[in-house]
Asks: 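Supplied in structure tokens, the structure appears directly below.
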Amino acid sequence: AVAVRRFASTDPEAVAGCDIAFVAGANEGTTGRMVDVLRRQATLTVTDARWGRARGMIHFVVADGRVRFHIDEAAAAARGIAISSRLLALAVDVKQRTP
């Protein structure tokens with residue numbers, strides 16, 4: 001089952017139990033705070049370049065007129081999240097985890 005929820009706050013209690021979160025705050029500060037809160041738990045964070053410089057584990061950008069993405073595999077691995085090698089191969093760049 002998939003449940004889509006909107007979170008209006010950066011309260012860690014409110015976002016507990018979230019497996020994947022697309023973070024798009026009203027401004028760069030809000031986006032950054034939410035990403036920081038979610039980094040404290042095993043949540044795959046996804047961000048978009050339109051919402052500032054804060055980056056989730058997967059970060060979408062528009063490059064050469066195409067939607068592309070960056071992956072922070074190190075951040076994902078630190079939270080116990082494994083990202084498929086097939087998805088990693090499609091990324092513009094990958095911040096590798098350290099062995």
Side-chain angles (χ1 to χ4, degrees):
V2 175
V4 177
R5 297 182 289 167
R6 288 185 179 262
F7 298 108
S9 74
T10 57
D11 175 21
E13 297 295 321
V15 296
C18 184
D19 295 321
I20 302 172
F22 178 75
V23 182
N27 56 52
E28 187 172 339
T30 303
T31 301
R33 284 190 298 280
M34 184 59 89
V35 169
D36 287 342
V37 165
L38 290 166
R39 281 188 180 135
R40 298 180 199 138
Q41 59 193 42
T43 299
L44 177 67
T45 53
V46 181
T47 53
D48 184 319
R50 295 178 302 162
W51 301 104
R53 291 179 292 212
R55 287 187 168 206
M57 295 169 196
I58 298 176
H59 182 73
F60 286 100
V61 296
V62 175
D64 299 325
R66 299 178 65 165
V67 176
R68 305 294 307 264
F69 58 93
H70 303 267
I71 295 179
D72 188 342
E73 185 185 22
R79 303 298 174 279
I81 298 170
I83 298 178
S84 160
S85 61
R86 294 175 82 184
L87 186 61
L88 292 171
L90 296 173
V92 173
D93 72 335
V94 176
K95 182 177 178 186
Q96 299 285 330
R97 59 181 157 171
T98 54

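None of these values were measured; they are calculated from a predicted model. As a basis for the values below, the full set of heavy atoms in this structure was taken, side chains included, without hydrogen atoms, waters or symmetry mates.
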Asks: Minimum heavy-atom separation for A42 and R79, please, with both atom names.
Replies: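 That would be CB-O, 3.4 Å.
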Asks: Carefully, step by step, assess E73 and K95 under the rule salt bridge (Lys or Arg N to Asp or Glu O under 4.0 Å).
Replies: CA-CA 6 Å; E73 185 185 22; K95 182 177 178 186; over 6 Å; no
Asks: Any chance you could lay out the salt bridge (Lys or Arg N to Asp or Glu O under 4.0 Å) test for R39 and D36, step after step, and finish with the verdict?
Replies: CA-CA 5 Å; R39 281 188 180 135; D36 287 342; 3.2 Å; yes
Asks: Looking at every heavy atom in both G32 and A54, which two are closest together, and how far apart are they?
Replies: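 So the two residues come closest at CA-CB, 3.7 Å.
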Asks: If we ignore hydrogens and angles and just use 3.5 Å, is the side chain of T43 paired with the main-chain N or O of C18 as donor and acceptor?
Replies: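 Looks like yes, one N/O pair under 3.5 Å.
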Asks: Can you spot which of L38, L44, I58, V2 makes a side chain to side chain contact (heavy atoms under 4.5 Å, CB included) with I20?
Replies: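 Of the listed residues L38, L44, I58, V2, the side chain to side chain contact (heavy atoms under 4.5 Å, CB included) partner of I20 is L44.
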Asks: How long is the gap from CD on E28 to CZ on R33, to the nearest 0.5 Å?
Replies: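 Here the rounded value is 10.5 Å.
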Asks: Kindly work out whether a path of hydrophobic side-chain contacts (I/L/V/M/F/W/Y, heavy atoms less than 4.5 Å apart) joins F69 to V61.
Replies: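 No, F69 does not connect to V61 through the hydrophobic network.
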Asks: List the atom of A24, the atom of T31, and the distance in Å for their closest heavy-atom pair.
Replies: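 Heavy atoms of A24 and T31 come nearest at C-OG1, 4.0 Å.
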Asks: Just by distance, do the side chain of S84 and the backbone of R86 share a donor-acceptor pair under 3.5 Å?
Replies: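 Side chain of S84 to backbone of R86: a pair is present.
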Asks: Looking at I83 and A76, what are the two nearest heavy atoms and their distance?
Replies: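 Closest heavy-atom pair between I83 and A76: CD1-CB, 3.7 Å.
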Asks: Do you know the tightest heavy-atom contact between H70 and V92?
Replies: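 Smallest interatomic distance, heavy atoms only, reads CE1-CG1, 3.9 Å.
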Asks: Quick one: CZ on F22 to OG1 on T47, what's the gap to the nearest 0.5 Å?
Replies: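 Reported to 0.5 Å precision, the distance equals 7.5 Å.
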Asks: Measure the shortest side-chain to side-chain distance between V15 and R5 over non-hydrogen atoms and say whether it is less than 4.5 angstrom.
Replies: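 Answer no - side chains too far apart.
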Asks: Taking all non-hydrogen atoms of both residues into account, name the closest pair between R68 and L90 and its distance.
Replies: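 Looking at all heavy atoms of both residues, the closest pair is NH2-O, 3.6 Å.
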Asks: Rounded to the nearest 0.5 Å, how far does CZ of R55 lie from CG of D48?
Replies: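 Here the interatomic distance stands at 11.5 Å.
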